[in-house]
Amino acid sequence: MSPKAMARPGGRSARVQEAVHAAVRELEAEQGREALTVPAVAARAGVTPSTIYRRWGDLQELLSDVAVERLRPEEAPADHGSLHADLSAWARHFLDEMASPSGRAYIRDALLGDPDGTNAGQCSAYAADQVEVILARATERGEEAPGVEAVMDLVVAPMMYRILFRPGQLSAAYADHLVQTALTSVAPPR
């Protein structure tokens with residue numbers, strides 16, 4: 001993906017990005033994925049196809065950019081009063097959203113149009129930012145908490161692997177098991 005597509009542009013550039021992203025979502029909802037072509041998206045967005053090619057390169061990179069925006073969390077993780085409760089609720093929600101048919105489609109799109117790994121890194125950063133909020137909250141409460149990377153390795157990474165390659169047996173119990181493993185890894189022996 002071009003650096004221009006990842007930046008949060010302002011002015012006309014932001015309006016073009018917003019119109020093109022909306023056109024992709026609308027066309028896909030109305031006519032299905034098969035209707036997504038650069039000329040169709042450009043016509044719906046009110047821009048020329050060359051605008052899309054110049055900014056995104058091709059349809060797959062555009063779909064990847066749209067997917068990354070759709071995967072961006074809309075709000076901070078909820079505060080349930082403890083690290084275990086916060087992380088469990090977040091992990092269940094993350095698993096539910098990412099394992100859904102639309103979540104898996106967005107993940108595939110984000111990765112397919114991502115030749116340099118920028119989008120994958122951005123999606124990972126979204127998850128890490130959410131985990132960081134949960135861990136900081138726990139630390140403020142005086143709870144012992146693992147590091148962000150430990151949670152990414154012990155909770156997020158196994159979920160993503162299963163979502164992409166072994167989608168069976170994805171449940172709240174699985175998310176809870178991963179959280180318990182992560183929290184046990186930092187708890188002092190008793």
Side-chain angles (χ1 to χ4, degrees), residues 1-29 33 36 38 41 45 47 51-78 86-87 89-137 146-165 167 170 175 178-179 182:
M1 170 167 298
S2 71
K4 288 189 267 184
M6 283 305 296
R8 285 211 168 264
R12 180 182 185 283
S13 187
R15 287 189 302 275
V16 167
Q17 180 175 342
E18 185 178 316
V20 171
H21 280 213
V24 168
R25 291 189 304 270
E26 291 165 8
L27 282 171
E28 187 171 19
R33 191 159 182 98
L36 295 178
V38 170
V41 170
V47 300
T51 298
I52 293 175
Y53 289 121
R54 189 173 41 254
R55 183 171 180 135
W56 286 278
D58 62 19
L59 181 62
Q60 193 57 59
E61 287 191 45
L62 170 58
L63 294 177
S64 183
D65 191 44
V66 170
V68 169
E69 284 301 308
R70 296 298 297 264
L71 292 169
R72 177 190 305 275
E74 294 179 6
E75 54 193 41
D86 288 356
L87 195 54
W90 179 83
R92 286 175 175 206
H93 180 74
F94 181 85
L95 182 62
D96 189 48
E97 282 200 356
M98 295 299 122
S100 72
S102 61
R104 285 197 308 265
Y106 292 140
I107 292 166
R108 283 191 301 272
D109 282 345
L111 297 175
L112 284 173
D114 188 26
D116 64 1
T118 302
N119 288 347
Q122 184 59 57
C123 291
S124 178
Y126 293 156
D129 290 348
Q130 295 265 297
V131 168
E132 191 170 356
V133 167
I134 292 168
L135 300 180
R137 216 184 273 145
V148 171
E149 290 306 311
V151 174
M152 296 298 287
D153 289 346
L154 297 170
V155 178
V156 177
M159 282 196 279
M160 290 304 295
Y161 175 82
R162 287 203 176 252
I163 288 166
L164 291 171
F165 302 113
L170 294 173
L178 294 175
V179 167

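Just so we're clear, the structure is a prediction, and the values are computed from it rather than from any experiment. The analysis underlying the following values was restricted to heavy atoms, covering all of them including side chains, and did not include hydrogens, waters or symmetry mates.
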Hey, what do you get for [atom1] ([X]) to [atom2] ([Y]), rounding to the nearest 0.5 Å?
{"X": "Leu95", "Y": "Arg162", "atom1": "CG", "atom2": "CZ", "answer": "10.5 Å"}
{"X": "Gln60", "Y": "Asp109", "atom1": "CD", "atom2": "CG", "answer": "5.5 Å"}
{"X": "Met98", "Y": "Met159", "atom1": "CE", "atom2": "CE", "answer": "9.5 Å"}
{"X": "Asn119", "Y": "Asp65", "atom1": "CG", "atom2": "CG", "answer": "6.5 Å"}
{"X": "His21", "Y": "Leu62", "atom1": "NE2", "atom2": "CG", "answer": "6.0 Å"}

Do you know the tightest heavy-atom contact between [X] and [Y]?
{"X": "Ser64", "Y": "Ala110", "answer": "OG-O, 2.8 Å"}
{"X": "Met152", "Y": "Val131", "answer": "SD-CG2, 4.4 Å"}
{"X": "Asp58", "Y": "Tyr53", "answer": "CA-CD2, 4.4 Å"}
{"X": "Tyr126", "Y": "Leu71", "answer": "CD1-O, 3.8 Å"}
{"X": "Leu36", "Y": "Leu59", "answer": "O-CD2, 3.0 Å"}

Those residues that, when tested against Glu97, pass side chain to side chain donor-acceptor pair (under 3.5 Å) (two or more places apart):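 Once residues adjacent in sequence are excluded, the partners of Glu97 under the side chain to side chain donor-acceptor pair (under 3.5 Å) criterion are His93.
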Hey, are the side chains of [X] and [Y] touching, using non-hydrogen atoms and a 4.5 Å cut-off?
{"X": "Pro146", "Y": "Leu135", "value": "yes"}
{"X": "Trp56", "Y": "Val20", "value": "yes"}
{"X": "Ser13", "Y": "Arg55", "value": "yes"}

Do [X] side-chain atoms and [Y] backbone N/O form a donor-acceptor pair below 3.5 Å?
{"X": "Arg104", "Y": "Ala99", "answer": "yes"}
{"X": "Gln130", "Y": "Glu75", "answer": "yes"}
{"X": "Arg137", "Y": "Pro77", "answer": "yes"}
{"X": "Arg25", "Y": "Val66", "answer": "no"}

Ionic contact status for Glu69 with Arg72, cut-off 4.0 Å: yes
Whether over 12 other heavy atoms sit under 6.0 Å from Glu26 CD: yes
Sole candidate of Leu63, Leu27, Val24 that passes side-chain contact (heavy atoms from CB on, under 4.5 Å) when paired with Arg33: Leu63
Ile107 vs Met160, side chain to side chain contact (heavy atoms under 4.5 Å, CB included): CA-CA, chis, key distance, verdict: CA-CA 9 Å; Ile107 292 166; Met160 290 304 295; 3.5 Å; yes
